[in-house]
Amino acid sequence: MKKLFLVLYLIPFLLWPAGKMVKAENPLRVEVLPRVVRQGDVFMVKASGPASFGSIHGEFRGKRFPLSAGANKGTYESLVGIDLDAKPAKYEMKVLAKGEEGKVYSKALSLKVEKTDFPVQKLTLPRSMVDLDPKTLERVNRESKKLKALFEGVQTETLWRGAFLRPVEGELSGAFGVRRIINGQTKSPHSGIDLRADEGTPVVACNGGRIALVDEFFFSGKSVILDHGGGLYSMYFHLSEIGVSEGDRVHTGDLLGRVGSTGRSTGPHLHWGMIIRGARVDPLSFLRLTKHLQD
Ligand SMILES: [Zn+2]
């Protein structure tokens with residue numbers, strides 16, 4: 001016992017000089033905001049060094065993400081999302097930077113993802129409303145492939161800046177992440193939020209970007225998808241009218257279209273979705289995270 005105590009007592013002294021030496025050599029600092037993240041959340045990774053780095057990127061859950069230059073010299077940041085289906089666990093987040101002299105620095109930190117209690121909605125509907133005929137099923141599959149290809153496409157430069165905006169002022173009528181069980185069968189969870197508003201209410205861009213898709217889909221009706229760069233996309237579904245074309249550059253608050261009830265919808269509302277490098281995240285968590293940012 002006495003021996004163990006002596007060893008424990010000595011550990012800080014043994015480690016301290018080595019720890020200090022490593023710190024002095026590695027100029028890379030990394031922090032995550034907020035410290036506690038949950039399934040379906042977006043968070044901010046901030047990195048800095050005393051001088052600017054030649055290149056810098058992060059790695060999280062097997063995916064690489066870019067960090068872009070922050071407001072001050074030598075600062076870098078990126079948004080990272082936790083998919084609503086990601087397992088609550090501790091994950092390693094890594095940032096790698098190359099100094100201008102070519103030396104590579106890396107910093108890893110552990111990030112705890114907590115469970116979100118998504119509501120469960122059980123519905124019983126006539127089979128004719130749930131089962132799709134072969135032709136419709138083929139259409140739905142084609143459309144979901146098109147979306148998948150879009151979200152996995154080449155990441156462009158970051159086009160968003162400042163705080164994200166609610167695209168319509170409307171009451172929340174469908175929460176994010178609701179697990180839907182229809183006729184006893186588990187369906188895909190609700191991957192956005194529904195905002196109830198009158199037909200024709202203007203729908204605006206939640207931030208700057210380029211129009212990546214304008215189309216009419218079986219489930220989402222008249223749809224607009226905005227590419228904010230860096231793998232971040234916002235989606236606006238069930239529109240009655242669309243006022244933009246693919247390739248258009250838009251800024252925060254620009255008119256995209258009008259609220260409607262096209263596609264599979266029970267009344268006029270906007271379905272607003274956000275996806276970041278494949279992770280389906282709660283749009284409201286973008287509003288919370290970025291509200292303090294200046295344009
Ligand atoms: Zn919805």
Side-chain angles (χ1 to χ4, degrees), residues 38-42 81-86 116-125 129-130 132 136 139-141 143-148 150-151 164-183 185-207 211-228 232-242 256-276 278-288:
R38 305 189 311 157
Q39 292 172 302
D41 272 358
V42 64
I82 310 282
D83 187 74
L84 55 87
D85 269 339
T116 302
D117 285 314
F118 295 115
V120 177
Q121 191 181 37
K122 283 183 184 169
L123 289 172
T124 305
L125 295 172
M129 272 186 74
V130 184
L132 305 176
T136 308
R139 178 183 170 189
V140 165
N141 287 338
E143 290 170 355
S144 90
K145 264 187 204 149
K146 188 174 176 181
L147 288 181
K148 204 165 171 254
L150 175 72
F151 298 138
F164 281 74
L165 204 74
R166 213 179 165 103
V168 289
E169 281 312 325
E171 159 201 4
L172 187 74
S173 58
F176 177 77
V178 176
R179 313 276 161 178
R180 288 176 291 197
I181 301 169
I182 301 175
N183 299 348
Q185 274 194 307
T186 305
K187 300 283 174 186
S188 53
H190 192 225
S191 58
I193 60 169
D194 294 334
L195 297 168
R196 188 184 296 142
D198 290 337
E199 173 116 12
T201 305
V203 173
V204 301
C206 67
N207 211 312
I211 304 295
L213 179 137
V214 168
D215 213 331
E216 184 156 7
F217 287 159
F218 177 77
F219 281 118
S220 59
K222 287 188 179 164
S223 306
V224 170
I225 297 182
L226 188 48
D227 179 357
H228 300 283
L232 174 64
Y233 297 87
S234 58
M235 287 157 264
Y236 311 82
F237 293 166
H238 311 297
L239 303 172
S240 58
E241 275 175 55
I242 293 174
L256 301 177
R258 292 183 183 276
V259 169
S261 190
T262 55
R264 189 163 272 195
S265 163
T266 50
H269 75 282
L270 175 74
H271 171 101
W272 175 29
M274 297 292 279
I275 194 160
I276 179 158
R280 298 159 296 170
V281 289
D282 186 350
L284 296 179
S285 85
F286 274 87
L287 301 186
R288 284 195 293 269

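Atoms within a ligand are numbered from 1 in the order they appear, just like the ligands themselves.
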Next on the checklist: Would you call the rings of H271 and F237 parallel, tilted or perpendicular, taking 30° and 60° as the class edges?
Outcome noted: parallel
Checklist entry - Parallel under 30°, tilted from 30 to 60°, perpendicular over 60°: which one fits the rings of H228 and F164? => result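 Perpendicular.
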Checklist entry - Do any of the N/O/S atoms of H190, backbone or side chain, fall under 2.8 Å from the Zn ion (ligand 1)? => result yes
Checklist entry - the Zn ion (ligand 1) is nearest to which N, O or S atom of H271? => result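 Closest N, O or S atom of H271 to the Zn ion (ligand 1): ND1.
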Checklist entry - Of all N/O/S atoms in D194, which lies nearest to the Zn ion (ligand 1)? => result OD1
Checklist entry - Among L213, L239, D215, which one satisfies side chain to side chain contact (heavy atoms under 4.5 Å, CB included) with V224? => result L239
Checklist entry - Quick one: does R166's side chain get under 4.5 Å of L284's, heavy atoms only? => result yes
